[in-house]
Amino acid sequence: MRSLACLHSFCITCWRSHIEAKIAEGVASRLECMDPSCCLLCPSEFVLRILDKAHFRARYERFIFRDYVTSHPQLKFCVGKDCQSVIRSKEKKPKRVTCSICDASFCVTCGVDYHAPTSCETIKQWLLKCADDSETANYIRNVRFHFYIYIFKTGKHMAYTYPFAYFMENGARKELWQVPVGRPSRDNPSASDNPR
């Protein structure tokens, strides 16, 4: 029989089954006593003495390390693909860090691409808005784009071409751009065939 400081005693087989089930769920640092009325946490030494299978011990130690890094205010896991290095930042303000292992560069506070001078909260809201495609789909469905070229002549030898782009939004026409394109002539030698 084994017990924690709360003195709730259970056999080693029950403890082992309880701990292995919790580790399989991804729980490590929040392992509690098996008594439903008790919320005392199991210390790491107790858990490691109970576990006898190497793969559960390794997984438990990996989860404990993950929980430690995640809860520490100065530590952050690298966001690089398959990179397990840990970055330490003594300051709590957003700043760019580059991993020395995989060369990934990111904001140490929020873990996304560095975004100065924008705050981490603003970036978080922006990414959330970008992830929600429903607004984008509604906008695209209600907007139709139209392109045409308008040509008018002034005098005998002049012709100007104006590409227009506009879109219809809720029945109203809104122009995107109007770029004059002209051909050089005797009357206007500065006009060119290239858009500006």
Can you find a pair of side-chain heavy atoms, one from [X] and one from [Y], that are under 4.5 Å apart?
X	Y	result
Val47	Leu31	yes
Trp15	Leu4	yes
Cys33	His8	yes
Val86	Phe65	yes
Ile23	Phe63	yes
Glu61	Leu48	yes
Val69	His72	no
Cys110	Pro94	no

Can you tell me how far the [atom1] atom of [X] sits from the [atom2] atom of [Y], to the nearest 0.5 Å?
X	Y	atom1	atom2	result
Cys120	Gln125	SG	CD	12.0 Å
Met1	Cys14	CE	SG	8.0 Å
Tyr68	Ser29	OH	OG	12.5 Å
Cys78	Gln84	SG	CD	9.0 Å
Cys42	His18	SG	NE2	5.5 Å

Have Ser44 and Tyr60 got a donor and an acceptor in their side chains that come within less than 3.5 Å? yes
Check whether [X] reaches the backbone of [Y] with its side chain - one donor and one acceptor, N or O, closer than 3.5 Å.
X	Y	answer
Arg2	Ser9	no
Ser71	Asp67	yes
Arg16	Ile50	yes

Does the pair Glu20/Lys53 count as a salt bridge with the N-to-O cut at 4.0 Å? yes
So which atom in Cys102 and which in Gly80 form the shortest heavy-atom distance, rounded to 0.1 Å? SG-CA, 3.9 Å
Please determine if Arg59 forms a cation-pi arrangement with Phe56, meaning its NZ or CZ atom is less than 6.0 Å from the six-membered ring centre and no more than 45° off the ring axis. no
